[in-house]
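Just below is one structure, and these are the notes that go with it.
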Amino acid sequence: MTVSFADIEAAATRLAGQVLDTPCLESRTLSQITGAQVFLKFENLQFTASFKERGALNKLSSLVGGEGAGGQPPQGVIAASAGNHAQGVAHHAQRLGLRAVIVMPLATPMVKVERTRGFGAEVVLHGETFDQAREHALRLADEQGLRFVHPFDDERVIAGQGTIGIEMLRAQPGLDTLVVAVGGGGLISGIATAARALKPGIRIIGVQTARFPAMVNAVKGTQHPQGISTIAEGIAVGQPGRITRELVRTLVDDLVLVDEGDIEQAVLMLLEIEKTLVEGAGAAGLAALLKEPQRYAGHKVGLVLCGGNIDPLLLAAIIERGMVRAGRLARIHVNARDTPGVLARITGVVAEAGANIDEVHHQRAFSALSAQHVEVELVLQTRNRAHVQDVVQRLTQAGVEARTA
């Protein structure tokens with residue numbers, strides 16, 4: 001069995017009123033920045049903050065409806081997931097009265113673990129990677145008589161995700177390019193199936209993190225090395241699906257890789273510009289546009305903000321690192337003669353320059369300077385890189401040695 005447009009239309013009927021038909025809106029600011037006309041599909045606004053509940057609900061509804069093996073509803077279901085598929089399965093299993101067991105990798109952000117438990121699922125933490133979690137889930141399925149709900153390599157799941165493609169082209173029929181995050185390939189397989197049926201000439205680009213390039217390697221025959229971790233843990237899949245691999249090979253025009261820094265920048269831009277919170281995987285599409293803007297310039301590009309479940313500590317780190325890259329947070333080393341009032345003089349110059357002091361480290365003993373000198377490290381809130389250089393120049397003019405870290 002393969003996935004057809006009719007399957008996706010049936011899924012759309014089944015999901016109507018059960019999941020949100022999320023907005024697909026133009027971002028004028030991102031359009032100005034990238035040179036493309038950018039449209040965002042806000043799947044991070046779903047109840048579980050991810051597109052994954054579409055495929056999960058479509059699969060579970062078919063099982064409850066007796067479309068599974070033997071024509072009987074299962075006693076319970078089990079899934080392996082980095083978080084978003086877990087929440088989708090847990091939420092809709094609870095709604096449908098099914099027992100749900102979710103196996104999650106040990107490194108899954110706690111915000112996803114606790115949310116999944118909040119939906120009434122039994123959470124088992126096992127393995128360093130998704131693939132190890134999946135193998136453990138399959139063993140538990142056999143031992144406990146549960147039906148395994150695959151996060152991406154399942155026709156019903158793929159059809160559920162494909163409803164996004166129908167909604168995007170219905171809301172914005174002028175789209176000529178879709179840029180979609182790729183982990184195991186369920187999302188892009190469904191969207192591509194729907195988009196090709198509705199608009200055969202549309203260009204479809206898949207995006208993977210360079211640390212987990214499994215689909216790129218499988219489809220293009222490359223041998224990019226696989227990393228250990230990524231901030232886009234939702235697409236950190238070591239082995240693409242059998243069904244999805246063939247659909248991607250047949251329907252997707254190209255696959256590209258983005259780096260961690262690209263994803264960080266995209267998360268921060270969506271937060272600052274669109275005032276919307278996405279996780280790493282949800283920012284992968286925008287990261288691809290920012291990395292190669294010339295490739296999309298002049299086109300009407302649809303991006304799927306596929307998830308918004310990001311760990312608060314990771315988000316804080318991304319914001320802080322983004323401020324450093326933009327010159328809005330700077331570290332300056334100052335060497336001065338150790339005399340009374342020197343620290344007050346240094347901070348006075350910083351204040352006159354209009355910078356705000358975030359941290360001060362005043363070092364005498366642990367310094368390579370002479371005993372008559374002191375080393376002061378300042379962490380400053382500044383406006384931009386030019387402002388940082390202005391602060392350094394003013395400190396130098398005040399008679400101390402100053403440099404950026």
Side-chain angles (χ1 to χ4, degrees), residues 24-43 164-165 168-169 171-183 185 187-196 198-224 230-232 234-235 240 244 247-270 272-274 276 278 280-306 322 325:
C24 185
L25 304 172
E26 181 183 1
S27 170
R28 288 187 289 178
T29 304
L30 291 177
S31 297
Q32 292 170 358
I33 292 171
T34 62
Q37 192 173 0
V38 179
F39 296 84
L40 305 176
K41 178 67 168 167
F42 290 87
E43 282 297 289
I164 295 172
M168 291 182 76
L169 287 172
Q172 304 293 345
L175 290 173
D176 60 45
T177 302
L178 299 178
V179 184
V180 184
V182 178
L187 176 62
I188 197 169
S189 293
I191 289 177
T193 300
R196 289 282 180 234
L198 294 170
K199 196 169 185 176
I202 196 167
R203 181 173 60 156
I204 303 171
I205 308 293
V207 185
Q208 287 205 290
T209 167
R211 293 193 177 182
F212 283 85
M215 186 67 80
V216 171
N217 287 341
V219 172
K220 293 189 171 184
T222 52
Q223 295 184 343
H224 298 291
T230 172
I231 61 170
I235 52 174
T244 57
L247 287 170
V248 169
R249 181 178 283 116
T250 303
L251 301 173
V252 174
D253 293 291
D254 197 10
L255 294 166
V256 299
L257 298 174
V258 293
D259 298 317
E260 298 294 287
D262 302 323
I263 297 172
E264 286 185 29
Q265 182 184 8
V267 169
L268 193 57
M269 288 181 70
L270 287 164
E272 286 194 311
I273 295 170
E274 294 301 319
T276 192
V278 299
L286 178 58
L289 260 70
L290 295 172
K291 186 175 184 178
E292 296 183 283
Q294 72 284 353
R295 184 172 190 173
Y296 307 96
H299 290 276
K300 294 184 177 181
V301 182
L303 307 179
V304 183
L305 307 184
C306 55
R325 283 195 296 269

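I188 contributes atom CD1, which lies 6.0 Å from atom CG of L255 (distance to the nearest 0.5 angstrom). In this structure, CE in M269 is found 9.0 Å from OG1 in T29, a value given to the nearest 0.5 Å. In this structure, NE2 on H299 lies 4.5 Å from CZ on R203, to the nearest 0.5 angstrom. L305 CG to K41 NZ: the interatomic distance, rounded to the nearest 0.5 Å, is 10.5 Å. Taking CG of L251 as the reference point, atom OG1 of T244 lies at 11.5 Å (rounded to 0.5 Å). In this structure, CD1 in I235 is found 7.0 Å from SG in C306, a value given to the nearest 0.5 Å.
Of all heavy-atom pairs between K291 and D259, the closest is NZ-OD2, 3.9 Å. The minimum heavy-atom distance linking L40 with V38 is given by the pair CD2-CG1, 3.9 Å. Closest of all the heavy-atom pairs between G206 and V252 is N-CG1, 4.0 Å. Across all their heavy atoms, L187 and A181 have their closest contact at CD2-O, 4.1 Å. For the pair A232 and I263, the tightest heavy-atom approach, listed with the atom from each and the gap, is CB-CD1, 4.0 Å.
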Between D253 and R196, does the salt bridge (charged side-chain N to carboxylate O under 4.0 Å, His left out) criterion hold? Intermediate values first, please.
CA-CA 11 Å; D253 293 291; R196 289 282 180 234; 2.8 Å; yes

Set out, in order, the CA-CA distance, both residues' side-chain angles and the distance that settles side-chain contact (heavy atoms from CB on, under 4.5 Å) for I191 and I204, then state yes or no.
CA-CA 9 Å; I191 289 177; I204 303 171; 5.8 Å; no

Check step by step if side-chain contact (heavy atoms from CB on, under 4.5 Å) holds for M168 and V304.
CA-CA 9 Å; M168 291 182 76; V304 183; 3.8 Å; yes

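Under the 3.5 Å distance criterion, the side-chain polar atoms of T34 are left unmatched by any main-chain donor or acceptor of P293. Put simply, the side chain of E274 never gets that close to the backbone of S27: no donor and acceptor are under 3.5 Å apart.
Listed by first then second residue, pairs satisfying salt bridge (charged side-chain N to carboxylate O under 4.0 Å, His left out) with a partner in residues 172-181 number zero, not counting sequence neighbours.
When side chains are defined from C-beta on, L270 counts as touching L30, because their heavy atoms get closer than 4.5 Å.
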Do any side-chain atoms of residues 281-290 form donor-acceptor pairs under 3.5 angstrom with protein atoms, and if so which ones, sequence neighbours left out?
none

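With sequence neighbours left out, the side chain to side chain contact (heavy atoms under 4.5 Å, CB included) criterion links L169 to L175, A195, L198, K199, I202. Remark: A194 engages F5, I8, I166 in a side chain to side chain contact (heavy atoms under 4.5 Å, CB included) (not counting sequence neighbours). Judged as a side chain to side chain contact (heavy atoms under 4.5 Å, CB included), and not counting sequence neighbours, the contacts of A218 are P240, R245. For D254, the side chain to side chain donor-acceptor pair (under 3.5 Å) partners at least two apart in sequence or on another chain are K220, R295. In this structure K300 satisfies the salt bridge (Lys or Arg N to Asp or Glu O under 4.0 Å) test with no other residue, sequence neighbours excluded. Under the salt bridge (Lys or Arg N to Asp or Glu O under 4.0 Å) criterion, E260 pairs with no residue, sequence neighbours left out. Qualifying side chain to side chain donor-acceptor pair (under 3.5 Å) partners for N217, counting only residues two or more places apart in sequence or in other chains: T222. Every residue was checked against the side chain to side chain donor-acceptor pair (under 3.5 Å) condition with Q208, not counting sequence neighbours, and none meets it. Residues forming a salt bridge (Lys or Arg N to Asp or Glu O under 4.0 Å) with R28 (at least two apart in sequence, or on another chain): none. For R211, there are no side chain to side chain donor-acceptor pair (under 3.5 Å) partners two or more places apart in sequence or in a different chain.
Heavy atoms of other residues, nucleotides or ligands lying less than 6.0 angstrom from CD of Q294 number more than 12.
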